[in-house]
Number of protein chains: 2
Amino acid sequence: MISATDQQDVKKEKILEAAHHRFLHFGYSKTTMNEIAGDLSMSKALLYYYFPDKSQLYVAVMRKVADNYLKSLTDRINTFANLKEAFIFQIDTQHDFIVTNYNFFDYFRLNEQNLPEMIWEIVARVHESETELLVSAITTEVERGQIKPVANPNEIVEVLLDALHGVRAKSLSHKKTMFPNKEHLDEIRSKRLLLADIFIKGLMY
Amino acid sequence: MISATDQQDVKKEKILEAAHHRFLHFGYSKTTMNEIAGDLSMSKALLYYYFPDKSQLYVAVMRKVADNYLKSLTDRINTFANLKEAFIFQIDTQHDFIVTNYNFFDYFRLNEQNLPEMIWEIVARVHESETELLVSAITTEVERGQIKPVANPNEIVEVLLDALHGVRAKSLSHKKTMFPNKEHLDEIRSKRLLLADIFIKGLMY
DNA sequence: AAATTGATAAATTTGTTAAAAAAGTCAGGA
DNA sequence: TCCTGACTTTTTTAACAAATTTATCAATTT
């Protein structure tokens, strides 16, 4: 027998899917609760039965999206042959994550200031997970004797992540095209790989 | 005898000073041509005699500010004992430049898209100058045999500048305080120095 | 002629308000 | 417990007037 709670979870899941679809294609502000309800052939009121309001629905979708990303990270932790592999994985995985969810994050970019606290918690979780992956890779590489022991791997990783972010931000700013195209993205990727290379050598003996 | 053109230049200079003062303290949108004229006890119409419009006045001030910065860079080119010194100089000089002109750049940040072409030319000049300084420092260090020969120093420097920018951007985003305070700035500086250190080691043999 | 101004025109921003759209609520039905 | 239609409240949009600011120009001074 299927419990009521399970049924609810199934329906909630359906709603999350529909909402994700809308948010992903049209962004937060350009999708209405009516439309999401319409997509599911249900009344708007029912959405409010399952989720308290629009922004918390968005947060729930975000959490799901983030959890998927998180999982793809934790699945691979400690599976790398060397530090470089780990760096490349981080660069490509994060890149893919951002590109495939580009529109979804418009709400995020638009409000920047005064976002619900929960959003920041999710962001923090993601960041921690990214950090963890790389810290672990560095620690392993130290144990293997490939690079110098580092006093504070966390600090190193944070600087690396900031730096990688900078490569993206700088390349994308003052480009007219609202949408990053293939060439840009390739340019960013190769710059990041160059940075990663130098960085790794910088950690060696 | 003082030529009419010299007189004009003197007066233009006065106007640039007054405009800079206003832009620096209140930003572009919060200063009016009337106020600038008032500061100089002249009529607003006279401003338009010397400068075609507000935005070109701003650009002229910007050019002056940028030229000063540029000069501080070219003055020091090829005067560094080693690569690290050059990097530190770059970090500190640029940092100082941005902090002392923080408000002045609000116009810059606010419009981001659709800025007058001249602004981008100035930005490009500054960027080239920063790049030149660092490329020269790297080339010198290669000649000294301190680091490995690099195929494309320009590429390396560009990545470094992007990365340094990233350290700043990441640390400053999602901080509520419109104004970066001392502690933030110190944190950014030390992160940047760490990055520079790793980077330099990454360029060694 | 070159430098300057007051008056005035043109453009932009700000404030107001009404209509439209969207968010969010609720009494009641299956 | 799940669900809806009808309803209320809040937010966004549009239109327009008022106020501010940019920009121009004929007239005046140096």
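Keep in mind the model is a prediction, meaning the values are calculated, not measured.
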Specify the separation, in whole Å, of atom [atom1] of [X] and atom [atom2] of [N].
| X | N | atom1 | atom2 | result |
| --- | --- | --- | --- | --- |
| A/Lys54 | C/dA21 | NZ | P | 16 Å |
| B/Tyr50 | D/dA23 | OH | P | 19 Å |
| B/Leu57 | D/dA23 | CG | C1' | 13 Å |

Residue of the set B/Thr31, B/Asp39, B/Thr32 for which side chain to side chain donor-acceptor pair (under 3.5 Å) holds with B/Arg22: B/Asp39

So, is the end of the A/Lys54 side chain (NZ or CZ) under 6.0 Å from the ring centre of A/Tyr48 and within 45° of the ring's axis? no

What's A/Phe51 touching, base or sugar-phosphate or nothing? Going by heavy atoms closer than 4.0 Å. nothing

How about NE2 on B/His21, more than 12 heavy atoms from neighbouring residues, nucleotides or ligands closer than 6.0 Å, or not? no

Check the surroundings of atom NZ in A/Lys64: do more than 12 heavy atoms from other residues, nucleotides or ligands lie under 6.0 Å from it? yes

Fit a plane to each ring of A/Tyr28 and A/Tyr107, take the angle between them on a 0 to 90° scale, and name the class: parallel (under 30°), tilted (30 to 60°) or perpendicular (over 60°). tilted

Look at the rings of B/Phe89 and B/Phe80 and say which category their plane angle falls in: under 30° parallel, 30 to 60° tilted, over 60° perpendicular. tilted

With a 4.0 Å cut-off on N to O distance, would you call B/Lys182 and B/Asp186 a salt bridge? yes

What bend angle does the helix from C/dA1-D/dT30 to C/dA30-D/dT1 show across its length, from five-pair end axes and to the nearest 10 degrees? 30°

By a strict heavy-atom criterion of less than 4.0 Å, which residues belonging to residues 18-49 of chain B are in contact with DNA chain D? B/Thr31, B/Thr32, B/Met33, B/Lys44, B/Ala45, B/Tyr48

Find the distance between CD1 (B/Ile119) and CZ (B/Arg63) and round it off to the nearest 0.5 Å. 9.0 Å

